[in-house]
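Reviewing the structure listed below.
Here the structure is a predicted model, which means the values were calculated and not measured. Indexing begins at 1, ligand by ligand and atom by atom, following the structure's order.
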Amino acid sequence: MNKELILGKNIQNWLWEYPLLRKMIKTEEVFWINPKLTNFNEASKNLSLTEEDVLDARNRLERFAPYISKVFPETMKTKGIIESPLVEISNMKKLIENQYDFYLPGNLFLKCDSHLPISGSIKARGGIYEVLTHAEKLAAENNKLSLEDDYSVLDSNEFREFFSQYSIAVGSTGNLGLSIGIMSAKIGFNVTVHMSADAKQWKKDLLKSKGVNVIEYDSDYSKAVEEGRKQALSDEKCYFIDDENSKTLFLGYAVAASRLKQQLDEINIIIDKDHPLFVYLPCGVGGGPGGVAFGLKLIFKDNVHCFFGEPTHSPCMLLGLMTQEHDRVCVQDFGIDNITDADGLAVGRASGFVGKTLEHMISGDYTVQDETLYTLLKSLADSENIYLEPSALASIAGAINLFKIDSGYKYLSKNSLEKSIKNATHISWATGGSMVPKNEMYQYYRKGSLQD
Ligand SMILES: *Cc1c(COP(=O)(O)O)cnc(C)c1O
């Protein structure tokens with residue numbers, strides 16, 4: 001255990017103030033309910049981002065849709081809108097109820113961001129959006145594009161040549177690099193992805209095949225981000241996409257909410273006081289799940305309950321929210337190693353911007369062991385024939401833990417949900433997986449089999 005002071009306090013003081021830390025340090029699974037959760041009106045006071053900002057992002061993506069559908073033919077069906085299916089997984093619900101011996105009141109759905117076109121993860125929302133935002137800005141500043149134009153003109157040698165004077169840098173554990181690398185290379189930017197040690201070889205290979213510069217580090221995500229930031233500082237034509245602080249990324253993710261509302265409407269699912277919505281989001285640095293949760297709160301307000309899920313070895317958002325120290329602490333300060341097979345969630349220090357923005361809106365945060373992720377991966381494949389990467393299964397664990405663990409039940413009673421819970425809609429946000437190569441996926445599935 002760490003004998004040094006952490007933010008001026010010794011470890012005994014920390015443990016006394018936050019008893020849950022003891023279990024977190026032992027990397028045991030925990031379920032934390034946010035004592036600072038308030039009603040939406042209260043929580044949304046003094047926020048720097050608004051509904052208009054999200055609408056602006058939605059409109060920007062619509063402007064780019066003709067271009068997207070032209071250069072990524074897999075988006076032709078949706079006319080260039082990058083969106084994922086919402087599917088009910090009632091077989092999986094039955095299977096986990098048996099496996100974990102509990103009852104989940106209401107219906108269980110999977111939001112398949114795992115199957116988002118272009119980059120196969122939730123990062124196809126924020127990452128692609130920020131690259132497009134930057135491209136639009138550069139083109140407009142140089143009088144090459146106006147809001148009324150048909151943006152499919154961007155698919156031309158003239159524009160590719162124009163964008164090739166500029167570069168993009170980003171640090172990533174893998175999936176953000178994929179989305180930003182693929183999009184940037186397509187539009188014509190010079191792009192460099194700084195990859196942490198967690199990043200899978202196939203992701204690096206895929207990026208290199210698309211002409212992306214990939215720089216690899218032996219260290220974790222924070223180091224990769226730092227190096228990306230450094231690269232951009234030394235070159236004024238280089239734009240750094242800052243996963244730890246970017247409001248643009250956050251807004252790109254937030255657009256998911258109004259699209260989800262539309263999908264729920266289409267299948268006649270009402271969300272109101274008597275029909276609550278529960279959403280379980282795998283969390284790394286926080287931008288993806290945070291942006292989605294923010295968008296959902298704007299629409300459904302107090303009728304949506306958002307929970308973040310993290311690996312037991314990387315509970316950075318939980319640590320930041322609980323102590324209210326946000327990015328001033330990291331899991332390594334407390335001797336937690338940030339080593340997990342859930343590579344998309346292998347982050348030791350959470351985004352301070354996201355934690356502070358959502359500190360009164362997030363219902364809670366729970367942690368999951370890697371072994372549980374593999375077991376759930378196999379269960380979902382067996383029951384629904386849907387294959388996800390390990391990180392994404394943290395979303396299913398949320399629905400289980402809320403109803404299996406005492407602290408979960410406390411949340412329901414504290415928020416007077418005992419009656420309405422039978423009408424609940426649960427959405428596990430499946431954040432990635434469709435691009436994982438078959439042989440890798442087979443290894444994951446086998447690990448799930450070994451856990452039984
Ligand atoms: C990045 C990622 C997340 C979490 O997003 P953050 O913005 O890092 O919190 C969750 N799941 C997968 C598969 C990811 O790649």
Result for side chain to side chain contact (heavy atoms under 4.5 Å, CB included) between S428 and one of L380, L281, L108, I400 points to L108
Any side-chain donor near an acceptor of the partner, S379 and E384, under 3.5 Å: no
Is any side-chain heavy atom of L86 closer than 4.5 Å to a side-chain heavy atom of I267? yes
Nearest protein heavy atom to atom 4 (C) of ligand 1, by residue and atom, and its distance? G284 N, 3.5 Å
Nearest non-hydrogen contact with atom 5 (O) of ligand 1 belongs to which option: G291, G177, G290, P289? P289
Just which atoms of ligand 1 are under 4.0 Å from any heavy atom in N175? 13 (C), 14 (C), 15 (O)
Quick one: which ligand 1 atoms are inside 4.0 Å of a heavy atom on G288? 6 (P), 7 (O)
Ranking K123, M317, R125 by closest non-hydrogen atom to atom 1 (C) of ligand 1, top hit is K123
Among all protein heavy atoms, pick the one closest to atom 10 (C) of ligand 1 and tell me residue, atom and distance. L345 CD2, 3.3 Å
Mode of V347 contact toward ligand 1 - side chain, backbone, both, neither (heavy atoms, under 4.0 Å): neither
Evaluate I122 for polar contact with ligand 1, using N/O atom pairs at a separation under 3.5 Å. no
Taking atom types as modelled, find out whether Y166 and H134 have a side-chain donor-acceptor pair closer than 3.5 angstrom. no
Apply side chain to side chain donor-acceptor pair (under 3.5 Å) to residues T340 and D370 and explain how you reach the verdict. CA-CA 7 Å; T340 168; D370 283 9; 2.8 Å; yes
Which ligand 1 atoms are under 4.0 Å away from a heavy-atom of E389? 13 (C)
Quick one about E226 and Y217 (side-chain donor to acceptor, distance below 3.5 Å, no hydrogens or angles considered), yes or no? no
Within the 3.5 Å criterion, strictly below it, is a donor on Y444 or D341 matched to an acceptor on the partner's side chain? no
Under 4.0 Å to a heavy atom of T431 - the qualifying atoms of ligand 1, by number: 10 (C), 11 (N), 12 (C), 13 (C)
Angle class for the Y445/Y387 ring planes (parallel below 30°, perpendicular above 60°, tilted otherwise)? tilted
Heavy-atom contact under 4.0 Å between A392 and ligand 1? no
Please report the shortest heavy-atom distance between L132 and F64, naming the atom on each side. O-CZ, 3.3 Å
Output yes when the distance from some N or O of ligand 1 to some N or O of G432 is under 3.5 Å, and no in every other case. no
Under 4.0 Å to a heavy atom of V285 - the qualifying atoms of ligand 1, by number: 6 (P), 7 (O), 8 (O), 9 (O)
